[in-house]
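Report on one structure; see the data block that follows.
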Amino acid sequence: MPAWRSISLWMDQLADDLTARPSLEHDLDVDVVIVGAGYTGLWTAYYLKRHAPELSIAILEAQTAGFGASGRNGGWLMGNLLGEDRMLAGLSVEQRRQSYRLLHGIPDEVKQVIDREGIDCDYRKGGALFCAARYPEQASTLRQYLTALHAQGLNDADYRWLEPAELAQQLRIATPYGAIFTPHVATIQPAKLVRGLARAVERMGVKIFEQSPVTAWQPGHVRTAHAHVRARWVVPAVEGYANTLAPLGRYQLPVQSLIVATAPLPEAVWDEIGLSAGQAFSENSRQVTYGQRTHDNRLVFGARGGYQFGGRLRHDFNLTPAEIEVRRYLFTELFPALKDVHISHVWGGNLGMARRFQPHMLCDRPHGIALSGGYGGEGVGASHLGGRTLADLILQRDTLEVQQPWVLTAGGLNALKAWEPEPCRWLGYNAVIRSFVYEDQTLANPHAAPWRRGFARGLANVMEGFMQ
């Protein structure tokens, strides 16, 4: 059996023995075939069966449920979508209000499902703290972001500023400059959710075939090494593995996020740190740092990892000593007392990044193709919305979900923005990341000259704008 338990802390904690489901060995005719037993595929199957239980649905998974990002992520269940502010900016005030209600409701909608289906995934809705922690410019950036959110019609009930003293009531970090708090985030044990959801859809009559990688696909047809599936609808739910199903790799690039987890920390340490209500937290760096306190009192902490030339997938997530130490350095900057703490687990995963950092939910009805992706590292919640939306699009349900600006119903795959060819995207991506690292290193140095600090910020702003 493949070493699936070593994929992440989350998979290692599972009580089941990870025995693979049977692979597909015979031809099938179904209404819907879904490629990928991760969150997007499973949520799509779940809501299709909820609304149309008569549908025949098969899911083909190359490895096992939870092998991809669904079993490797940081455990944030966010009521957000990457780039939502840009996508909603052109709507009316009332339309924006409805869209934000839809997004912010994601954690509660998931809670209803896990309660109904009996999925124990350590769900805790404690909100999230976006912290300015290591240098004053972070506070300025966060305040500007808060002002922009309020200008879109949101208020302190959705996002509010915490002065350092208020922040300390929830999280105590070195050199705090304040934070934005939002209640619209929950933390979960992600592998328990994806594995529990797989069992739930099986109870509803969905057939899941594992160790059945798809070798070719086109409208109405999907092939594996041993069988052929015919279906009215094909749903390629592969996210960070889009380059395995051409031509999807043109529209979603795999980038990596790398995570470490400490051994369980004593209660006295957590009394010093906080996070007693299941809050998630991030330090406001463009390197994308994030963390949570797990149900068994570990610190899980991650940061964006990189991009490989040609959009190649990374398969080896045995982190190098340098990759581990970067993450140790970042969390030690926040929590100096954890400098020598034992790191028990290290892992990472491939996630899908769409051009312009803009997620999409697409329905090509003439060709029977529906897909959702480009979540950019925020896929735990976004995939739930994606699955609900794809189900509604396939079933032609007139709902708020299908009326959103990220939903594309004309033009097929051509409606998606393609990434530039190599070496342009490799050079561009790495130039952007290097500018972010330079900014972070410069601003974290209290002795950096004002002109150097201004140059670092300006360069990072320009490069970030280039990617959008």
Side-chain angles (χ1 to χ4, degrees), residues 1-15 18 38 63-76 121-122 187-195 239-241 254-266 269-270 273 275 280-283 285 287-308 312-353 376-380 433 436-437 440:
M1 180 186 301
W4 291 326
R5 194 168 298 281
S6 65
I7 286 172
S8 64
L9 164 71
W10 314 121
M11 295 290 277
D12 191 31
Q13 290 180 331
L14 293 175
L18 298 182
Q63 295 281 338
T64 190
F67 176 83
S70 300
R72 302 172 185 256
N73 60 79
W76 285 45
C121 58
D122 301 342
T187 55
I188 59 165
Q189 208 284 19
K192 290 182 179 179
L193 174 58
V194 68
R195 303 288 293 186
E239 181 56 356
Y241 293 81
V255 299
Q256 291 79 45
S257 197
L258 307 180
I259 305 176
V260 299
T262 71
L265 301 175
V269 173
W270 284 113
I273 294 174
L275 300 178
F281 73 93
S282 69
E283 178 255 340
S285 165
Q287 293 191 75
V288 191
T289 59
Y290 51 91
Q292 67 145 304
R293 174 183 179 176
T294 67
H295 195 69
D296 63 343
N297 286 327
R298 302 170 187 267
L299 174 69
V300 166
F301 187 87
R304 190 59 45 83
Y307 166 73
Q308 302 197 95
R312 295 193 307 272
L313 293 167
R314 178 169 172 173
H315 299 287
D316 179 8
F317 284 102
N318 293 311
L319 274 59
T320 67
E323 289 171 331
I324 296 170
E325 287 311 307
V326 166
R327 282 140 193 88
R328 183 189 291 275
Y329 160 75
L330 289 170
F331 75 65
T332 299
E333 286 282 283
L334 302 178
F335 313 113
L338 301 185
K339 179 179 179 181
D340 298 317
V341 71
H342 175 61
I343 292 176
S344 63
H345 292 74
V346 301
W347 71 96
N350 299 289
L351 58 96
M353 189 69 73
E378 300 182 2
V380 180
I433 295 301
F436 291 175
V437 172
D440 197 58

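Note that the structure is a prediction, hence the values are computed from the model and not measured. The chain is numbered in sequence order, starting from 1.
The two atoms that bring E333 and P336 nearest to each other are O-CD, 4.5 Å, heavy atoms only. Contact detail for P254 and G240: the closest heavy-atom pair is CB-O, 3.3 Å.
For F281 and F335, the gap between ring centers is short of 6.0 Å.
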Discussion item. Could you walk me through whether V380 and I188 satisfy the side chain to side chain contact (heavy atoms under 4.5 Å, CB included) test, starting with their C-alpha distance in whole Å, then the side-chain angles of each, then the deciding distance to 0.1 Å, before giving a yes or no?
Written reply: CA-CA 9 Å; V380 180; I188 59 165; 3.7 Å; yes
Item to complete: Output, in order, the C-alpha distance, side-chain angles, deciding distance and verdict of side chain to side chain contact (heavy atoms under 4.5 Å, CB included) for I343 and F331.
Response: CA-CA 12 Å; I343 292 176; F331 75 65; 4.3 Å; yes
Fill in: Stepwise side chain to side chain contact (heavy atoms under 4.5 Å, CB included) test for R5 and L18
CA-CA 8 Å; R5 194 168 298 281; L18 298 182; 3.8 Å; yes
Practice prompt. Take L351 and Q256 through the test side chain to side chain contact (heavy atoms under 4.5 Å, CB included) and record every step on the way to the result.
Written response: CA-CA 6 Å; L351 58 96; Q256 291 79 45; over 6 Å; no
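Here the side chains of V341 and L265 are in contact, with some heavy-atom distance below 4.5 Å. With a 4.5 Å cut-off on side-chain heavy atoms, L9 and V300 count as touching. Between L319 and I324, the closest side-chain pair of non-hydrogen atoms falls below 4.5 Å. W10 is not listed as a side-chain neighbour of K192, based on a closest heavy-atom distance of 4.5 Å or more. In this structure the side chain of Y241 reaches within 4.5 angstrom of the side chain of N350, judged on heavy atoms. A heavy-atom distance below 4.5 Å is not found between the side chains of F436 and V288. Using a 4.5 Å heavy-atom cutoff, the side chains of R298 and H345 are in contact. Between I273 and W270, the closest side-chain pair of non-hydrogen atoms falls below 4.5 Å.
Donor-acceptor pairing under 3.5 Å is recorded for the side chains of Q13 and D296. Checking T64 against R195 by side-chain atom types alone, a donor-acceptor pair falls below 3.5 Å. In summary, the side chains of W76 and E378 do not present any donor paired with an acceptor at a separation below 3.5 Å, with no hydrogens or angles considered.
In this structure, K339 does not pair ionically with E325, as no charged nitrogen and carboxylate oxygen lie closer than 4.0 Å. Using a cut-off of 4.0 Å between Lys/Arg side-chain N and Asp/Glu carboxylate O, R314 and D316 are scored as not salt-bridged.
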Side-chain donor-acceptor pairs under 3.5 Å in residues 257-264, sequence neighbours left out?
residue: S257; atom: OG; partner: Y290; partner atom: OH; Å: 2.6
residue: T262; atom: OG1; partner: L299; partner atom: N; Å: 3.1

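The side-chain tip of R72 points at the ring of F67 from less than 6.0 angstrom away and within 45° of straight on.
Of the possible donor and acceptor atoms, none in the side chain of D12 sits under 3.5 Å from a partner among the backbone N and O of S8. With hydrogens and angles disregarded, a donor-acceptor distance shorter than 3.5 Å links the side chain of T332 to the backbone of R328.
Between the SG atom of C121 and the NE2 atom of H295 there is a distance of 11.0 Å, given to the nearest 0.5 Å. Q189 contributes atom CD, which lies 9.0 Å from atom OG1 of T294 (distance to the nearest 0.5 angstrom). Atoms CD and CG, from E283 and L334 in turn, are 5.5 Å apart once rounded to the nearest 0.5 Å. In this structure, OG in S285 is found 7.0 Å from CG in L330, a value given to the nearest 0.5 Å.
Residues forming a salt bridge (Lys or Arg N to Asp or Glu O under 4.0 Å) with R327 (at least two apart in sequence, or on another chain): none.
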